[in-house]
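Remember, it's a predicted structure, so these values are computed and weren't measured experimentally. Throughout, protein chains are lettered first and strands after them, A, B, ... in sequence-line order, and every chain is numbered starting at 1.
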Amino acid sequence: MSETPPSAPSGKPEDHAPNFVDELVQAEIDAGRTRLVTRFPPEPNGYLHIGHAKSIVTNFSLARKLPGAHCNLRFDDTNPAKEETEFVESIQEDVRWLGFDWGEHCYFASDYFQQLYDMAERLIREGKAYVDSQSLDDIREGRGSFHQPGTESPFRGRSVDENLDLFRRMRAGEFDEGAHVLRAKIDMASKDLKLRDPVMYRILKVAHHRTGTAWSIYPMYDWAHGQSDAIEGVTHSICTLEFQNHRGLYEWFHEQLGFQDPPRQIEFARLNLTYTVLSKRSLQKLVAAGHVSGWDDPRMPTVAGLRRRGVSPASIRAFCERIGVSKRDSFVDVTLLEHAIREDLNATSPRLMGVLRPLRVVIENYPEDAEETFELALNPGDDAAGSRAVPFCREVFVDREDFMEVPAPKFWRIFPGNEVRLRGACLLTVTRVIKDDAGEVTELRATWDPESRGGNAPDGRKVKGTVHWVSARHAVPAEVRLYDRLFTEENPLSDEERDLVEFLNPDSLEVLSGCMLEPAVREFGPLSRLQLERVGYFCVDAASEDGGLVLNRTIALKDSWAKVAAKR
RNA sequence: UCCGGGAUCGUCCAAUGGCAGGACAACGGACUUUGAAUCCGUGAAUGGAGGUUCGAACCCUCCUCCCGGAACCA
């Protein structure tokens, strides 16, 4: 068995209650709009995380509202110092894995460098842009503040010819970095600081991952992004709240250039998740400092990390659709994500048995060299899932956590004299507890009821407890990695005094070796998702090989016994 | 203090002048060959003060609080 192919999102235009973006676009459609193009515009400078997934789901599902509509994947690669081909590849892989298809519509802002340049010359000729030769600090100071209007640059009055000449020479690489910038000529006294002659181009003598050394000037975000949207015929440019302050400038450029049916920018609240950080900077820090094994560490909220953790793309989509889209700053409870993960895995995961902390049980009235197999459903809730053969013999492993020599109140699993069911196999009663010199339990002796094959006794007597088990003779040893939340605080970034590293959960990873799994696990290849009954959902590690089986725990099953036990 | 946004159960999202509803979480119960899942039930909210109206979460006024904005980053 191997990784399930990415399942396509359901074809329905809406899997969620309409949000304000849906309504706004729908209103335009009702008013006669016939063209609809959205875009997901990542900068290829890092890995995608679940916050990006929210944007991807929003943009791609919006593009299903109208026949012929589509969503572009566009790389906003205007800062060569930070961007790499490695990231464009990982981003494409992640978007695809999430189940979305951009078809022919994969673009790069860097493909528009010439058009952008031509448009900039046009603004210069129209007196709407000029080359400023002030230092970075002088430009910053000249911008003024929230309360003070800015002051005009001494170079603001340069002639069109001089500006054109300088700009061309900037492009030709005649100047050092920082010597000049191209600025839009708008209004240094504007209340909207973005309109105080924003920088459009800076000199950067850095090779670009796609254009190489062809350019020595690169467009700034505000210049490149809006014009890229317009060039692509994007109708709705959906971005996060922090870009609200850019909208005035976004529209100003479009007006100057006279685009017809220009894109409309709409902002929504970015995703925040409890016990998680979703800023590229923080994530980068965790990777660089070695707090996690990499961008795809299963504890990372990156798409790559979630994939390796065993989270399904369907559950990420369901989660994104369920949290909705609004303009309110929000902090989504991670239990909502966990619910979506369990919901999908419960429906789709094959069931197996595995013992994480093995305790040997010798069934004294079972013949020494006999063995037999039981046929168990792979998913009791889904007959189509089929079944697997589970071998059984005189010695089995059970989980140490399922045994108490002196049972706590309401504990109805294994303890001396208590009859329990070995799931799918038989009824069994522990008769004797064997300990080492230190008093540690090392083995249990038990008897079984041969009439109870399959798990029920002919006399119909009830047993309260059912436990999972693995035949000692047939067990497949494995390493199991138990993952938990990466942070101990709901918002690890809320404390300005303390670094997020201080809030790392020391128990976010527990590695168990010598775990014992039923032999059917051999049929599962890397990235296969499965449930270990009564324990949790797991995923065969991407790097797992024969002879070194590794399982990552995606998420534990809910455990109401743990709650009862914790209360005491 | 200036500009741009936002305030509804613990959390997220609805209700667009007419019974404040759903999901998650919590709690209780039923069922159970997974103490899972499933099913049933309980508690839980309109930031504040005025105003308009037969009627306000929604409209108006004032206030309060929260977020973003002064990169040659995106």
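Considering only residues two or more places apart in sequence or on other chains, A/H468 meets the ring pair (Phe, Tyr, Trp, His ring centres under 6.0 Å) condition with none of them.
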Using the rule given for side chain to side chain contact (heavy atoms under 4.5 Å, CB included), can you reason through A/I203 versus A/D176, listing the C-alpha separation, both sets of side-chain angles and the distance that settles it, and then say yes or no? CA-CA 7 Å; A/I203 298 169; A/D176 290 338; over 6 Å; no

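Between A/K327 and the phosphate of B/G68, there is no side-chain N or O to OP1/OP2 separation shorter than 4.0 Å. The phosphate of B/U11 has neither OP1 nor OP2 within less than 4.0 Å of any side-chain N or O from A/S330. Taking side-chain N and O atoms only, A/S145 has no distance below 4.0 Å to OP1 or OP2 of B/C2. Listed pair A/R534 / B/G35 meets the phosphate criterion, a side-chain N or O lying under 4.0 Å from OP1 or OP2. A sub-4.0 Å separation between OP1 or OP2 of B/A71 and a side-chain N or O of A/R140 is present. Dashed line: the shortest gap from a side-chain N or O of A/T466 to OP1 or OP2 of B/U34 is not under 4.0 Å. For the OP1/OP2 pair of B/C73 and a distance below 4.0 Å, the side-chain nitrogens and oxygens of A/R202 include at least one atom meeting the criterion. Note on A/K280: every side-chain N or O is 4.0 Å or more away from OP1 and OP2 of B/C73.
Salt bridge present: A/D402 and A/R534 bring a charged side-chain N and a carboxylate O closer than 4.0 Å.
In the set B/C12, B/G68, B/C72, the nucleotide with an atom closest to the side chain of A/E242 is B/G68. Residue A/K464 places its side chain closer to B/U32 than to any other of B/A23, B/G35, B/U32.
Using a 4.0 Å heavy-atom distance criterion, A/R143 is classed as a sugar-phosphate-only contact.
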